[in-house]
J.: 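Pasting a structure here, questions to come.
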Amino acid sequence: MSGANSREAEIAEIIRGSIKTGNAHTLAGHFERHLELVIDAEQVDFRHVGEGQAELILKNFFKKYPPKDFKYGFQGMASKVRYCTATYQVANGSNFQVYILMRVTDKDYRINTLHFKKE
């Protein structure tokens with residue numbers, strides 16, 4: 001069980017680091033093949049988008065809203081699902097509330113849902 005917990009912590013840290021630095025490519029490496037991506041400030045609302053397209057959308061988002069910081073808020077786990085809320089701080093001073101849902105498989109954690117909601 002501790003192996004699963006350390007992998008969970010490792011994935012959480014990779015996700016935190018990639019969002020905090022605006023690295024869409026590293027973040028996309030943890031996407032499911034298709035995911036739900038919502039970015040309200042950009043009128044992006046895809047219920048089923050491919051990982052490659054999601055990476056391009058996020059690359060543009062990070063360019064338009066350069067990161068200053070990213071901090072986890074609430075984190076939880078339910079049967080085969082891990083979820084968390086976080087705050088994405090933009091260099092210009094604005095913030096986004098972030099919601100991440102990951103599916104847990106035998107081997108890994110894959111991002112299934114990613115929402116950025118402007119505060």
Side-chain angles (χ1 to χ4, degrees):
M1 185 67 184
S2 63
N5 288 343
S6 66
R7 181 64 180 154
E8 182 179 341
E10 178 186 342
I11 293 292
E13 188 54 33
I14 290 168
I15 290 169
R16 187 191 70 76
S18 60
I19 295 176
K20 186 175 180 173
T21 59
N23 189 330
H25 182 70
T26 301
L27 184 62
H30 297 281
F31 288 165
E32 283 193 343
R33 189 176 312 240
H34 292 95
L35 65 147
E36 178 178 311
L37 178 63
V38 177
I39 305 172
D40 70 347
E42 296 294 291
Q43 284 78 48
V44 170
D45 191 345
F46 291 109
R47 299 295 166 198
H48 190 76
V49 64
E51 59 189 334
Q53 187 179 1
E55 179 181 347
L56 290 173
I57 292 166
L58 282 168
K59 189 175 183 180
N60 288 330
F61 171 76
F62 289 140
K63 194 179 292 182
K64 189 170 181 178
Y65 300 96
K68 180 180 177 192
D69 201 5
F70 178 80
K71 291 186 176 123
Y72 283 117
F74 179 79
Q75 298 184 55
M77 186 125 178
S79 155
K80 301 282 185 192
V81 175
R82 185 180 189 290
Y83 51 90
C84 65
T85 60
T87 301
Y88 175 74
Q89 293 179 319
V90 184
N92 72 8
S94 60
N95 288 333
F96 285 83
Q97 281 301 312
V98 181
Y99 173 75
I100 302 170
L101 180 87
M102 289 185 282
R103 291 196 197 281
V104 182
T105 66
D106 292 340
K107 299 182 199 91
D108 217 348
Y109 295 78
R110 307 304 280 171
I111 297 172
N112 174 266
T113 303
L114 181 60
H115 292 191
F116 284 84
K117 186 173 185 220
K118 194 160 188 174
E119 290 187 336

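Numbers for residues simply follow the sequence, beginning at 1.
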J.: Using the ring centroid of each side chain, check whether F116 and F61 are separated by less than 6.0 Å.
T.: yes
J.: Could you walk me through whether M102 and V81 pass the side-chain contact (heavy atoms from CB on, under 4.5 Å) check?
T.: CA-CA 6 Å; M102 289 185 282; V81 175; over 6 Å; no
J.: Which heavy-atom pair separates K118 from A41 by the least distance, and what is that distance?
T.: CD-CB, 4.1 Å
J.: Mind checking what makes side chain to side chain donor-acceptor pair (under 3.5 Å) contact with Q53, not counting sequence neighbours?
T.: none
J.: As a quick check of understanding, evaluate side-chain contact (heavy atoms from CB on, under 4.5 Å) for I100 and I111, giving each step before the final call.
T.: CA-CA 7 Å; I100 302 170; I111 297 172; 4.2 Å; yes
J.: Please determine whether side-chain contact (heavy atoms from CB on, under 4.5 Å) holds for the pair T26 and I14, giving the CA-CA distance in whole Å, both sets of side-chain angles, and the decisive distance to 0.1 Å.
T.: CA-CA 8 Å; T26 301; I14 290 168; 3.9 Å; yes
J.: Verify the distance criterion only: is there a donor paired with an acceptor across the side chains of E55 and H25 at less than 3.5 Å?
T.: yes
J.: S18 and I15: which non-hydrogen atoms are nearest, and at how many Å?
T.: OG-O, 3.0 Å
J.: Test of understanding: with side chain to side chain donor-acceptor pair (under 3.5 Å), list the residues that count as partners of E36, not counting sequence neighbours.
T.: R47, H115
J.: Got a second to check how far K68's NZ is from S94's OG, nearest 0.5 Å?
T.: 10.5 Å
J.: Which class fits the ring pair F62 and Y88: parallel under 30°, tilted 30 to 60°, perpendicular over 60°?
T.: tilted
J.: Is the distance between the ring centroids of Y72 and F74 under 6.0 Å?
T.: no
J.: Looking at P67 and K20, what are the two nearest heavy atoms and their distance?
T.: CB-O, 3.2 Å
J.: Evaluate V49 against F31 for side-chain contact (heavy atoms from CB on, under 4.5 Å), listing each step before the verdict.
T.: CA-CA 10 Å; V49 64; F31 288 165; over 6 Å; no
J.: State the CD1-NE2 distance between I11 and H30, to the nearest 0.5 angstrom.
T.: 4.5 Å
J.: Taking C-beta and beyond as the side chain, do L114 and L27 meet within less than 4.5 Å on heavy atoms?
T.: yes
J.: If you measure from CZ on R103 to CD on E32, what distance do you get to the nearest 0.5 Å?
T.: 5.0 Å
J.: In terms of hydrophobic clustering (I, L, V, M, F, W, Y; side-chain heavy atoms under 4.5 Å; direct or indirect links), are I39 and F46 co-clustered?
T.: yes
J.: Would you name the heavy atoms of A12 and R82 that are closest together and state the gap between them?
T.: CB-NH2, 4.1 Å
J.: Taking all atoms of both residues into account, what is the closest heavy-atom pair of V90 and N95, and its distance?
T.: N-OD1, 4.4 Å
J.: Heavy-atom distance under 4.5 Å between the side chains of H34 and E51, does that happen here?
T.: no
J.: To the closest 0.5 Å, what do you measure between CG (L37) and CD (E42)?
T.: 10.5 Å
J.: Taking it one step at a time, do F70 and F96 satisfy ring-ring contact (aromatic ring centres under 6.0 Å, His included)?
T.: CA-CA 10 Å; F70 178 80; F96 285 83; over 10 Å; no
J.: Let me confirm one number: the NZ-CG distance from K63 to L58, rounded to the nearest 0.5 Å.
T.: 12.5 Å
J.: Give me the atom names and distance for the closest heavy-atom approach of Y109 to E8.
T.: OH-CB, 3.3 Å
J.: Does R110 reach the side chain of L35, with side-chain heavy atoms less than 4.5 Å apart?
T.: no
J.: T21: which residues meet the side chain to side chain donor-acceptor pair (under 3.5 Å) condition with it, sequence neighbours left out?
T.: none
